[in-house]
Amino acid sequence: MKDLIDIRQLSREEIQELITTALDIIDHPADYAHLCEGKKLATLFYEPSTRTRLSFESAMLELGGSIIGFSEANSSSAAKGESVADTARTVECFADIIAMRHPKEGAPYVASTAVQIPVINAGDGGHFHPTQTLTDMITIAREKGRMDHMVIGCCGDLKFGRTVHSLIAAMSRYEGCSFVLISPEELRVPESVREDILESQHIPYKEVRSLEEAMPQLDILYMTRVQRERFFNEADYVRLKDSYILTPEKLRTAKKDLTILHPLPRVNEISTAVDSDPRAAYFRQVKNGKYIRMALILKLLHITKA
Ligand code: NCD
């Protein structure tokens, strides 16, 4: 595997190996501090980001490597009309690995076919976001101690939320996992996710409107932001943006060992009063993201601890 574009390029065993490496990094950071000396990561971000870009950059720096890149399309030659493939070929002259976020679905894939160095999809439009899913999975492994036999509730913008699409693709491969997809009618998961992932593998799932009704059965609650930037008109966004707001009251019927995840950024969909609940794992999730990206960079660069 040269690139990571879709989470399904990684087998369950490979994901477990990444998690094991990430946990070893957490326990023995000094063993990893120089492994990427002389290597450069380029972060090519054509869309806004806080966590993903900074955690990729921190990951490379903590491996002893260095970083270059841009964080908005307007500051790159994309503003002059350069193609993604040409930009990638240029960056290949300077860097050893690329992490790319782009508003167009498939752009990181196009880049990956233009260069010899690894390209990581750091989010492509409303499509996929595999490294967020690795972040979600190491968090599930650490919080729950298992990946199988879970009822996973995904709530919010399931249409445009790329993190949800990748999470469903990944978690549907574990025995006994089922999904409760909680969204307004207009923001249901795309047909491609329903048909190509859930139905083709006979994964149990239901689509519901009410978070309150779903709550008691859930082992994981994955909240998402309504993806304003992907709406065709502002009025629809305004109508749908506050469809779900998680509050301590709504958690009263939840399992004691529920894990609450959110890829962040949060807008309104989780009240800050929930943050002190021990089940709220979303800031621990951010931290895990750096370690799993360190493990991924090492894997794609074929570097192992001596
Ligand atoms: C997500 C994304 O970019 O898709 N953010 C992230 O990478 N942590 C979720 C979002 O923007 O809502």
Side-chain angles (χ1 to χ4, degrees), residues 4-7 41 43-59 69-73 98-109 119-140 152-171 181-184 187 189-190 193 220-231 236-237 240-246 259-270 275 280-294 296-297:
L4 180 61
I5 304 297
D6 178 333
I7 191 69
L41 164 78
T43 49
L44 312 185
F45 276 58
Y46 296 79
E47 268 196 342
S49 168
T50 298
R51 272 149 295 274
T52 305
R53 186 172 60 84
L54 296 185
S55 81
F56 264 116
E57 296 185 352
S58 304
F70 53 82
S71 55
E72 49 177 330
I98 291 174
M100 177 185 284
R101 167 170 292 187
H102 201 285
K104 270 208 193 120
E105 312 197 342
Y109 171 73
V119 175
I120 302 170
N121 176 6
D124 62 328
H127 193 213
F128 284 140
H129 191 347
T131 64
Q132 180 61 48
T133 300
L134 290 174
T135 301
D136 303 338
M137 293 174 88
I138 184 177
T139 307
I140 292 170
I152 303 167
C154 299
C155 177
D157 186 347
L158 310 186
K159 179 178 183 186
F160 298 118
R162 55 196 172 193
T163 66
V164 168
H165 306 158
S166 291
L167 184 72
I168 293 174
M171 293 305 294
L181 305 174
I182 308 153
S183 76
L187 298 178
V189 288
V193 171
I220 292 174
L221 173 57
Y222 194 91
M223 294 297 295
T224 63
R225 167 181 76 90
V226 176
Q227 307 278 298
R228 178 181 203 160
E229 63 276 35
R230 314 225 187 276
F231 276 70
D236 284 346
Y237 168 72
L240 293 167
K241 72 183 171 67
D242 291 329
S243 299
Y244 301 99
I245 300 177
L246 184 64
T259 296
I260 307 166
L261 300 176
H262 190 311
L264 302 179
R266 135 176 79 185
V267 183
N268 248 345
E269 57 282 351
I270 302 182
D275 295 0
Y282 29 92
F283 286 106
R284 296 194 286 279
Q285 193 179 350
V286 175
K287 209 161 183 189
N288 290 330
K290 179 184 72 180
Y291 298 113
I292 201 80
R293 288 185 174 96
M294 290 171 82
L296 178 67
I297 290 169

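Each ligand, and each atom within it, is numbered from 1 in the order the structure gives. On a predicted model such as this, the values are computed, not experimentally measured, just so you know.
Among all non-hydrogen protein atoms, the one lying nearest atom 9 (C) of ligand 1 is Leu264 O, 3.6 Å. In this structure, the protein non-hydrogen atom closest to atom 3 (O) of ligand 1 is Arg162 NH2, 2.9 Å. Shortest contact from atom 11 (O) of ligand 1 to any protein heavy atom: Arg225 NH2, 2.8 Å. The closest protein non-hydrogen atom to atom 8 (N) of ligand 1 is Pro263 O, 2.9 Å.
Across Glu269 and Arg266, no two heavy atoms sit closer than the pair OE2-CA, 3.2 Å.
Counted by atom type alone, Arg293 and Thr131 present one or more donor-acceptor pairs between their side chains at under 3.5 Å.
For Tyr109, the OH atom sits in a loose shell: 12 or fewer heavy atoms of surrounding residues, nucleotides or ligands are nearer than 6.0 Å.
Distance alone, capped at 3.5 Å, is enough to place a donor-acceptor pair between the His165 side chain and the Lys159 backbone. A donor-acceptor contact shorter than 3.5 Å is absent between the side chain of Ser166 and the backbone of Phe128.
At a threshold of 4.0 Å, the pair Arg230-Glu105 does not count as salt-bridged, since none of the basic side-chain nitrogens sits closer than that to a carboxylate oxygen.
A heavy-atom separation below 4.0 Å is found between Gln227 and ligand 1. Contact annotation: Gly123 has no heavy atom less than 4.0 Å from any atom of ligand 1.
Heavy-atom contacts of Thr163 reach the following atoms of ligand 1: 1 (C), 4 (O) (cutoff under 4.0 Å).
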